[in-house]
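Everything below concerns the one structure shown next.
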Amino acid sequence: VQLQASGGGLVQTGGSLRLSCAASGSIYRINIMGWYRQAPGKQRELVATLNTGGSTNYADSVKDRFTISRDNAKNTVYLQMNSLEPEDTAVYYCYLFNGRVYWGQGTQVTVSS
């Protein structure tokens, strides 16, 4: 399984970005796709996940600002990030679970104050 993430970049406080992650390869049945992030000097943390049943899980720090969605036909998950804050600066990693865990290569999101 390969995960190709895109959409990161530099944005000012209050701005928006949309991350995409396309899964390919021997995917079989995808149970969960989502995003984690890791800021410098900190542990990787959950941002948002979405399972095949449509249930979502968000970190408290991003609720009401970020929205996760998925295109099952394209095996692609999206993360719409609005009202970005400097604290959102991190490398964002795409995540897939289908009985095994897979990680994308990471995409940098930098929010300037």
Side-chain angles (χ1 to χ4, degrees):
V1 176
Q2 293 80 44
L3 300 175
Q4 182 65 47
S6 61
L10 173 64
V11 65
Q12 291 184 333
T13 297
S16 298
L17 285 173
R18 188 189 193 212
L19 304 183
S20 300
C21 176
S24 61
S26 301
I27 300 170
Y28 302 116
R29 179 182 175 87
I30 298 175
N31 290 337
I32 302 172
M33 290 189 76
W35 297 89
Y36 282 67
R37 68 186 181 187
Q38 188 166 18
K42 294 187 177 181
Q43 292 186 332
R44 190 173 297 189
E45 64 176 4
L46 178 144
V47 177
T49 59
L50 173 61
N51 68 18
T52 52
S55 296
T56 58
N57 185 29
Y58 291 94
D60 288 342
S61 60
V62 307
K63 283 180 181 177
D64 300 324
R65 298 189 298 122
F66 292 8
T67 302
I68 190 169
S69 61
R70 185 166 151 181
D71 184 334
N72 291 325
K74 296 181 179 180
N75 292 321
T76 299
V77 65
Y78 305 96
L79 185 68
Q80 179 65 44
M81 305 185 293
N82 298 327
S83 301
L84 283 161
E85 304 167 351
E87 293 73 24
D88 296 315
T89 295
V91 177
Y92 284 68
Y93 294 93
C94 179
Y95 163 88
L96 182 152
F97 176 74
N98 66 352
R100 294 182 60 182
V101 174
Y102 297 91
W103 294 99
Q105 82 281 12
T107 184
Q108 177 71 46
V109 172
T110 302
V111 185
S112 63
S113 57

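Side-chain atoms are counted along with the backbone in the values below, which use heavy atoms only and exclude waters and symmetry mates. The residues of the chain are indexed from 1 along the displayed sequence.
- Taking the centre of each ring, F66 and W35 stay at or above the 6.0 Å mark.
- The aromatic ring centres of Y36 and Y93 sit 6.0 Å or more apart.
- For CG of D64, the number of neighbouring non-hydrogen atoms (other residues, nucleotides, ligands) closer than 6.0 Å is 12 at most.
- Rounding to the nearest 0.5 angstrom, the gap separating the CG atom in L79 from the CZ atom in R70 is 14.0 Å.
- Considering OH of Y102 and CD of Q2, their distance stands at 9.0 Å, rounded to 0.5 Å.
- Side-chain atoms of T13 come within 3.5 Å of backbone N or O of S112 as a donor-acceptor pair.
- A distance-only check finds a donor-acceptor pair linking the side chain of Y58 to the backbone of I68 [under 3.5 Å].
- Note that the CZ atom of R18 and the OG atom of S69 stand 6.0 Å from one another [nearest 0.5 Å].
- To the nearest 0.5 angstrom, T67 atom OG1 is 6.5 Å from N82 atom CG.
- Using a 3.5 Å distance cut-off with no hydrogens or angles, the side chains of S6 and Q4 do not pair a donor with an acceptor.
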### Task
Could you walk me through whether L50 and M33 pass side chain to side chain contact (heavy atoms under 4.5 Å, CB included), step by step?
CA-CA 6 Å; L50 173 61; M33 290 189 76; 5.9 Å; no
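- A donor-acceptor pair under 3.5 Å is formed between the side chain of T76 and the backbone N or O of K74.
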#### Entry: Residues E85, S83; criterion side chain to side chain donor-acceptor pair (under 3.5 Å); working and verdict
CA-CA 6 Å; E85 304 167 351; S83 301; over 6 Å; no
